[in-house]
Amino acid sequence: MRPSAVRLLNILVPVKRTVDYAVKIRVNPDQKGVDLNVKHSMNPFDEIAVEEAVRLREKLKGEVKSIKVVTIGPPKASETLRTALAMGADSAIHIEVPDSAPAPEPLSVAKALRAVIQKEKDNGGVDLVIMGKQAIDDDAGQTGQMLAGLMDWAQATFASKLVVDPKAKVADVTREIDGGLEEIKCRLPLVLTTDLRLNEPRYASLPNIMKAKKKPIQKLTPADLEVDLTPRLETLKVTEPPKRVGGGKVESVDELITKLKEAGITPVKS
Amino acid sequence: MFSRQLARRVVLRAPRRWSHTPAGLAGLNSVTEEDLAHFAKILPSSSILSTLSPSPTSSSELEPFNNDWMNKYHGKSTTVLKPRTTREVSEIVKWCNQRKIGIVPQGGNTGLVGGGVPIKDELILSLANMTKIRSFDDVSGILVADAGCILQSLSDYLTPHDHVVPLDLGSKGSCQIGGNVSTNAGGLRLLRYGSLHGSVLGLEVVLPDGTVLDQLTSLRKDNTGYDLKQLFIGAEGTLGIVTGVSILAAPAPHASNNVMLALPKFENVQPLYKEVKRQLSEILSAFEFMDRTVYDLAVKHGQGRALNPQDIDGAECFVLVETSGSNRDHDEQKLNSLLESLMDTEEPLINTGVLATSPAQFSALWAIREGLTEAVSKEGKVYKYDISVPRNKFQEVVDKTREHLRSKDLLHEDAVKYVVGYGHVGDGNLHLNVIAAAYTPEIEAALEPFVYELVASYKGSISAEHGIGMMKTHALQYSKSPTSIEWMKRIKALFDPNGIMNPGKVLP
Ligand SMILES: Cc1cc2nc3c(=O)[nH]c(=O)nc-3n(C[C@H](O)[C@H](O)[C@H](O)COP(=O)(O)OP(=O)(O)OC[C@H]3O[C@@H](n4cnc5c(N)ncnc54)[C@H](O)[C@@H]3O)c2cc1C
């Protein structure tokens, strides 16, 4: 009998360009959104996802055939793709929408990703999707689960450890859950969403940034994928959280006790 | 062997060590209980810390004031006063002048030359309670603040007003603006905004007789005779106590980028600086050098986030380049084409590098550079030489010092562990740090006057930015002519005939 050919892994990593997490968010005067004219970078959880894909290749060497990143976003989102390519992804897909387009919602993003995966069949298909557990701008935290549902694939969310066995086509995943960790075994194809502790993303080095400039980015439109990204929700109002009222200083212990009593805090007899 | 060593030490000591009463402290009195009774009339009890007062402070509470940041210099003061207003400062000083009590003005006590701690038991006057911001004008950018304001808090205050303080130091969380002015601190933004001699517009100073010299103008231009405030910038508290500062804040840059570059050899630093300056011109805001050893120490002691180890194999030194400007796209384009041209040549000046792609990475790269001072002090006891030498001699100075220590058989685990160099290339300022297992007379004798003579041989400065303090008074002669020193002494005598202000510091 001929030995069965070793299955080579194709990894897809969806990434999103978001307002950088260090930027102080300001609500627009019309209270319909926030000021987007600020520093943007790759959603931190997506950075972890790219890093994990690159580490998988470093571990499995030739068994990882391709790492493809994909984003839905305005023209500038291509910078985010370049960053991912500089970190070690091989190629990219940019589903471009105009600057003025409203941000797509999780379900339509999941549908667009499903369309991408279907299109990838010609290139050997997708075996593993690694994506952030949430994007820090809308904090929706739903896309991975929806995609797994639409594809009817296994899902492993909030991963803090991933071990893949390409021959057996299984992955062992450690998940962060309330009060501890959960270890699960999944069959590929799999949708994995990353948690903070999965890894620490690398810096993109200059030689790799230069190389990334020559890597291919395929441009698509939502129409090419036959998906409709129009939001179904209407934003009524965006407001800042109430301002914190500063504390006061007391001169003495007695004054502190008086103040505490005034506030209705009474001693407990033990 | 023994006698030779002894002879050497005697010779070295004669001109620079005091026997019992250090030079400058002769004729000064210690603080007494009567003095405290007087201070209690000027200040509330919460502003007085003293082992002599009726409800004495324990001497351990005075330790942070008596010992310097490096824990190298140890004073024995009994009393720390923390006035809240210029008036209180003035009254304390007036009394001390009458009573001939030495005063050490103290800011954040982050100075690195022992200037802010007493030599003996001088009174410590801490500015820590003077923390009011007096005014800020966001049209002119002029900020007027009490001397005790911590640099970081001024920076935080200015952020919402879209301005920045024109200086930035690794010690910003503790040092005070009055201390910065008094040491003429340089730091990480000097390349961009120039020295405090330019950005300080006015000062309020309590003179050694208690008079308040109010020069807190908010004018950018004022040519009306001698510019007295300049004397106090860098005077290290020897001419008076700075109580208020008027300083020109700069508009906050709207786009900042940085990149850490790994270089195969030191010789590339100078051509790299030229190329970076040529291509980035007005947006270049910092160009900081560190050698491989000090970089590795920073990584070892957890400062910032290191570059990928396999990428920087064989790198001999690193350079951190920062740009600040007002248009992000323009700046990024310039930086990118610089990096492209650096990588895309036959013999690149750099091996590799990292370009920060987010504010978090930006801070992580700066944290390596800003953490060097802390990292070396965690590694051992550090002899710090902060010198100005020609840019292309940085490595030579470090190597010569290391070789000299080796020739004295002092380069091993139990004596000197590392000799490292880092600094502000843009300003020609090298921090030469000798990291030892302990401070010992042998090491000191091997380093001084060796280092000072070395610096003098390059016509450099023995103190580029940290000042003279008590560490380098004896070495002033290597950078200043006898005539200069003579006139500095005359100025000191004119302002402070009783010699009460930071006695024993700066002047030999
Ligand atoms: C981690 C670290 C990084 C540093 N980086 C730099 C750097 O990049 N560049 C640089 O130049 N320095 C640097 N320094 C040295 C130091 O932070 C500066 O010299 C700083 O300006 C000192 O301010 P301070 O408030 O701590 O002053 P102190 O240490 O309290 O005092 C310093 C001197 O000024 C006098 N003085 C203080 N306040 C007054 C006042 N109100 N009136 C009169 N005299 C006064 C003191 O008597 C003393 O002589 C660094 C120090 C550390 C610990």
Side-chain angles (χ1 to χ4, degrees), chain A residues 15-26 35-48 50-51 54-55 58 75-88 99 136-137 196 199-214 243 249-252, chain B residues 44-46 156 159-160 162 252-263 304-313 315 318-319 321 327-329 331-333 335-345 348-366 368:
Chain A
V15 298
K16 183 177 187 184
R17 177 177 185 266
T18 58
V19 170
D20 188 90
Y21 85 88
V23 167
K24 191 176 174 331
I25 301 295
R26 279 197 212 117
D35 182 7
L36 294 178
N37 200 6
V38 293
K39 173 85 187 165
H40 282 63
S41 40
M42 194 191 304
N43 176 40
F45 292 105
D46 303 350
E47 230 181 330
I48 295 173
V50 176
E51 175 68 27
V54 176
R55 286 192 190 187
E58 284 167 355
K76 278 229 163 128
S78 64
E79 289 169 13
T80 308
L81 292 175
R82 290 284 172 212
T83 305
L85 293 171
M87 288 174 72
D99 273 319
I136 60 165
D137 49 4
L196 220 44
N199 60 49
E200 194 191 355
R202 71 196 60 199
Y203 292 116
S205 74
L206 286 184
N208 289 338
I209 292 176
M210 298 303 148
K211 273 184 227 151
K213 295 194 176 172
K214 303 200 179 82
K243 282 232 168 12
K249 270 194 187 163
V250 290
E251 289 291 330
S252 64
Chain B
S45 58
S46 58
D156 293 344
T159 305
D162 224 14
H254 284 235
S256 298
N257 287 297
N258 65 8
V259 43
M260 181 80 86
L261 302 172
L263 283 66
R305 225 187 91 208
L307 277 60
N308 309 328
Q310 61 275 23
D311 290 351
I312 52 170
D313 233 18
F318 296 84
V319 160
V321 176
N327 182 323
R328 192 174 305 121
D329 291 342
D331 292 5
E332 279 173 8
Q333 212 174 10
L335 191 55
N336 277 322
S337 52
L338 166 73
L339 296 175
E340 240 166 81
S341 73
L342 285 176
M343 294 300 297
D344 244 9
T345 58
L349 293 170
I350 58 174
N351 283 351
T352 181
V354 158
L355 171 68
T357 54
S358 65
Q361 288 189 0
F362 177 87
S363 314
L365 290 179
W366 260 123
I368 299 176

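Values in this document were obtained by computation on a predicted structure and should not be read as measured data. First the proteins, then the strands, lettered A, B, ... as listed; each starts at 1. Worth knowing before you read on, the calculation uses all heavy atoms, side chains too, and leaves out hydrogens, waters and symmetry mates.
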Requested in this report: Sort out for me which residue in B:L355, B:L349, B:L339, B:N351 forms a side-chain contact (heavy atoms from CB on, under 4.5 Å) with B:L261.
Outcome: B:L339
**Report entry** Part of B:I312 within contact of chain A (heavy atom distance under 4.5 Å)
**Finding:** neither
**Report entry** Residue A:K213 versus chain B: region with a heavy atom under 4.5 Å
**Finding:** side chain
Query raised in the report: Of all of A:E200, A:E79, A:E47, A:M42, which one pairs up most often with chain B through heavy atoms under 4.5 Å apart?
Result: A:E200
Query raised in the report: Where the side chain of B:N258 meets the backbone of B:F362, is there a donor-acceptor pair that is under 3.5 Å apart?
Result: yes
Requested in this report: For residues B:R328 and B:H254, determine if any side-chain heavy atom of one lies less than 4.5 Å from a side-chain heavy atom of the other.
Outcome: no
Report summary line: Most heavy-atom pairs under 4.5 Å with chain B, out of A:H40, A:K39, A:R202, belong to A:K39
Requested in this report: Spell out, as yes or no, whether a donor-acceptor pair under 3.5 Å connects the side chain of A:D46 to the backbone of A:K16.
Outcome: yes
Requested in this report: Return yes if some donor-acceptor pair links the side-chain N/O of A:Y203 with the main-chain N/O of B:R305 below 3.5 Å, else return no.
Outcome: yes
Requested in this report: Heavy-atom distances under 4.5 Å only: say whether B:A306 touches chain A with side chain, backbone, both or neither.
Outcome: backbone
Query raised in the report: Which one, B:D344, B:V259, B:N308, leads in non-hydrogen pairs under 4.5 Å with chain A?
Result: B:N308
Query raised in the report: If only atom types and distance count, is the side chain of A:N43 paired as donor or acceptor with the main-chain N or O of A:I136 below 3.5 Å?
Result: yes
Requested in this report: Using non-hydrogen atoms and a 4.5 Å limit, figure out which bit of B:L342 sits close to chain A: side chain, backbone, both or neither.
Outcome: neither
